[in-house]
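Numbers for residues simply follow the sequence, beginning at 1. What you are looking at is a predicted structure, and each value in this text was computed from that prediction instead of being measured.
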Amino acid sequence: MARYAQSSINEVSRRNSLSELVSGYVRLKRNGTSYVGLCPFHKEKTPSFHVDEEKQLFYCFGCGAGGNIFDFVMRAENLDFVDALQFLAQRAGVTLVEEQGGSRADREEESQKRKRILEMNRLAARHFYENLSKPGAEAALSYMQRRGLSKRTAIKFGVGFAPEAWDDMLAYLQAEGYTPEEIVTAGLAVRNEKGRVYDKFRNRLMFPIIDVRGNVIAFGGRTLGDDQAKYMNSPETPVFHKGRHLFSLNLAKQSGMKEGLILVEGYMDVISLYQAGICNAVAGLGTALTEDQARLLKRYASQVYVCYDSDEAGQKAAQKAIALLTEAENTVKVISYKGAKDPDEYIQKKGVESFRALLAESKESLEYQLLRLRQQYDLYDAAQKISFLTEAAKILAEVDSEVAREVYIKRLSAETDISSEAIKTEISKLIYYKNKKETRKEMYAQNTPEKLSADFSAGSRQQATATYKTERMLLNLIFYHRRAFEIASSTVKPEWFTSDIHEKLFSAIAAYREREEEVSAPEFLTTLSDEVLRQAAVSILYQDFSGETVQAVKEAAEKLETAYLKKRAGQLVGEGKVKEANEILQRIKGRRG
């Protein structure tokens, strides 16, 4: 397969501004020589996400996410390296040049795997749809008719049918040139304990799951028989992570910023609303809403209307979804209804205009939560009144707007005959303890030395000893400063490093330095295929040791050698070679003298 030339990758990196790109996702403020903002990859209230425009690197001191512009796009848009490269090349107007061979074989192999899976999914979606016109599809067609699903809508969503057969899809894809192993990897077939491969989806109405770029990434299947699993989704695959996508966002995104997005629970809720002319509904993928999905909604919606099932389970799920959406800074409203179990049934029973009225009457999430809480207590009972106000205070303590808190405090005071001051005092105490806890947690996360090392994130419990810190400083200096590299290359040996990761990085930096006169951290990172190695490199190269001198490099080299010799002496003692150990110790002692 053709691979993109490193020169093209470097050109894309140079022609894109990291801070400009990140500003489309994060509100950045200049802080000295870097930019700072709230991390888009984890929840936080104190900014710990930094962008160094000079080095063209980003790093979060809270969660450890970091890298170059490709890493950011890969994380933010859920792309592989090649797709991120193409995205950035188009953005900068760079024409990518392909070459055969190269050192990025692992990434290219993964990209090829992703492309074949996406092509398999496209073919599978077409095959499922064509199955509706074949003998045996009567149950599927009957179900679609009962649910009022028109042919036009079925075509729009690519609805299809998986027959009750063991190898319908398997045989079809094998005839298209795919191996059983590839089909299993794509999640379209499964392998049992005896090694037999067979279709994953059987006797189900099929719904393709399509990402915002129009790729078929997975499928959801609704049983047409008595299968206990009413709905079944594709498993996690190289192209599908169910917590990062939303059903029908590819269709709804066009109207999301203007009209907002309606978040429902089921595929048929989305389809029923769309068929009725409400084209801005999306659904989760069989599990509770995730932080990634909440952030995705924020990117595509001016506000989010939560419209979950009306039963107790649906309302509990709605409460959790509201909390996640609010944390992701979405503007949230809640649609309440009676007389139907879900939006699909509501549309069928009462019509689209009635649903539009519900949409217009939707309540702010805060008001909805307090009203729902109120229904659980008898305010004429003193004990229940106290419990109600205690729980209401917890809800209001999560509200950032003082104006909003004031409005609802006055309402609660009037409703319970408890003074506004008393309620405000209770909320203030909760806010104080919450902020104190969060500040302590974030300060610990930012100041823990191990957080700066990918060794730690990969499971290593190595302490950030003086030697360990010295290694990090030395690696940074030899990368950015030619003279430091020249000194270290003639004195330092890879085996002196206490960390395997640092040893590998030393060799990688040395090789890069040997062939490049001018260095670039983003370009260097593209040469590292090992993810743990890349993350360690990011945390080291982001640091600033520019105040250190050439003498510091010499002293660092001596410290590493001394530490290595002490360790070696200890090993020799353990092997019974005391004489050799003493010779090493004398050598260390003589150096100090």
Side-chain angles (χ1 to χ4, degrees), residues 1-6 8-9 12-13 67 69-92 94-130 158 160 169-191 197 199-201 206-220 233-245 247 249-250 285 526-531 534:
M1 173 189 172
R3 299 180 175 91
Y4 291 114
Q6 187 65 43
S8 281
I9 297 170
V12 170
S13 179
I69 199 166
F70 302 110
D71 294 303
F72 186 87
V73 172
M74 288 163 68
R75 278 178 173 268
E77 297 291 344
N78 190 30
L79 303 176
D80 68 357
F81 177 80
V82 172
D83 287 339
L85 174 63
Q86 292 170 345
F87 171 87
L88 289 168
Q90 183 176 14
R91 181 176 184 271
V94 175
T95 301
L96 294 171
V97 178
E98 295 183 346
E99 66 176 14
Q100 297 295 328
S103 60
R104 298 174 58 250
D106 290 342
R107 286 185 183 175
E108 293 291 350
E109 182 180 348
E110 185 64 24
S111 176
Q112 174 72 345
K113 181 191 294 185
R114 284 173 56 90
K115 287 179 179 178
R116 285 183 67 80
I117 290 174
L118 290 174
E119 179 61 19
M120 264 189 283
N121 286 342
R122 187 186 68 80
L123 292 172
R126 187 181 69 184
H127 185 68
F128 283 138
Y129 175 76
E130 290 174 347
M169 183 59 68
L170 186 66
Y172 169 71
L173 290 175
Q174 282 186 280
E176 293 290 331
Y178 296 95
T179 67
E181 191 60 40
E182 286 181 306
I183 302 169
V184 170
T185 301
L188 292 164
V190 295
R191 187 188 302 276
V197 176
D199 287 358
K200 178 176 178 61
F201 298 102
M206 299 301 298
F207 303 93
I209 298 169
I210 302 171
D211 68 13
V212 292
R213 292 176 297 280
N215 298 310
V216 180
I217 55 175
F219 295 90
N233 285 332
S234 295
E236 299 272 311
T237 73
V239 302
F240 176 59
H241 305 282
K242 58 186 176 184
R244 300 181 188 173
H245 300 278
F247 179 73
L249 184 57
N250 60 306
L285 299 174
T526 64
T527 68
L528 303 176
S529 58
D530 185 288
E531 187 58 30
R534 283 169 52 76

Any non-hydrogen side-chain atom of [X] less than 4.5 Å from a side-chain atom of [Y]?
X	Y	result
Tyr4	Leu85	yes
Thr185	Thr237	no
Leu170	Leu188	no
Val190	Val197	no
Ile217	Ile210	no
Thr526	Phe70	yes
Leu123	Tyr172	yes

Between Asp199 and Met169 (side chain of the first, backbone of the second, donor and acceptor by atom type, cut-off under 3.5 Å), is there such a pair?
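Answer holds: yes.
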
N/O donor-acceptor pair under 3.5 Å between Arg114 side chain and Pro238 backbone:
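Yes, the answer is positive, given that a donor and an acceptor are paired below the 3.5 Å cut-off.
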
Take atom CD of Gln90 as the centre, draw a 6.0 Å sphere, and report whether it contains more than 12 heavy atoms from other residues, nucleotides or ligands.
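Count not over threshold, so no.
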
Do you know the tightest heavy-atom contact between [X] and [Y]?
X	Y	value
Gly187	Lys200	O-CD, 3.2 Å
Lys242	Glu236	N-OE2, 3.0 Å
Ile117	Ala186	CG2-CB, 4.0 Å
Ser8	Val97	OG-N, 2.9 Å

Does the plane of the ring in Phe128 sit parallel, tilted or perpendicular to the ring in Phe201? Use 30° and 60° as the thresholds.
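Perpendicular: the ring planes of Phe128 and Phe201 meet at over 60°.
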
What class does the angle between the rings of Phe247 and Phe207 fall in, given that below 30° is parallel, 30 to 60° is tilted and above 60° is perpendicular?
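Plane angle over 60°, so perpendicular.
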
Table please: side-chain donor-acceptor pairs of residues 173-182 below 3.5 Å, with sequence neighbours left out.
residue	atom	partner	partner atom	Å
Thr179	OG1	Glu182	N	3.1
Glu181	OE1	Arg191	NH2	2.7
Glu182	OE1	Arg116	NH2	3.1
Glu182	OE1	Thr179	N	3.1
Glu182	OE2	Arg116	NE	2.5
Glu182	OE2	Arg116	NH2	3.3

What do the steps show when you test Asn215 against Asn121 for side chain to side chain contact (heavy atoms under 4.5 Å, CB included), and what is the final call?
CA-CA 8 Å; Asn215 298 310; Asn121 286 342; over 6 Å; no

Can you tell me how far apart OG (Ser234) and CE (Met206) are? Round to the nearest 0.5 Å.
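Separation between the atoms: 6.5 Å.
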
Any chance you could lay out the side chain to side chain contact (heavy atoms under 4.5 Å, CB included) test for Leu285 and Phe240, step after step, and finish with the verdict?
CA-CA 11 Å; Leu285 299 174; Phe240 176 59; 3.6 Å; yes

Asp83 and Val73: CA distance, side-chain angles, deciding distance, side chain to side chain contact (heavy atoms under 4.5 Å, CB included) verdict:
CA-CA 9 Å; Asp83 287 339; Val73 172; over 6 Å; no

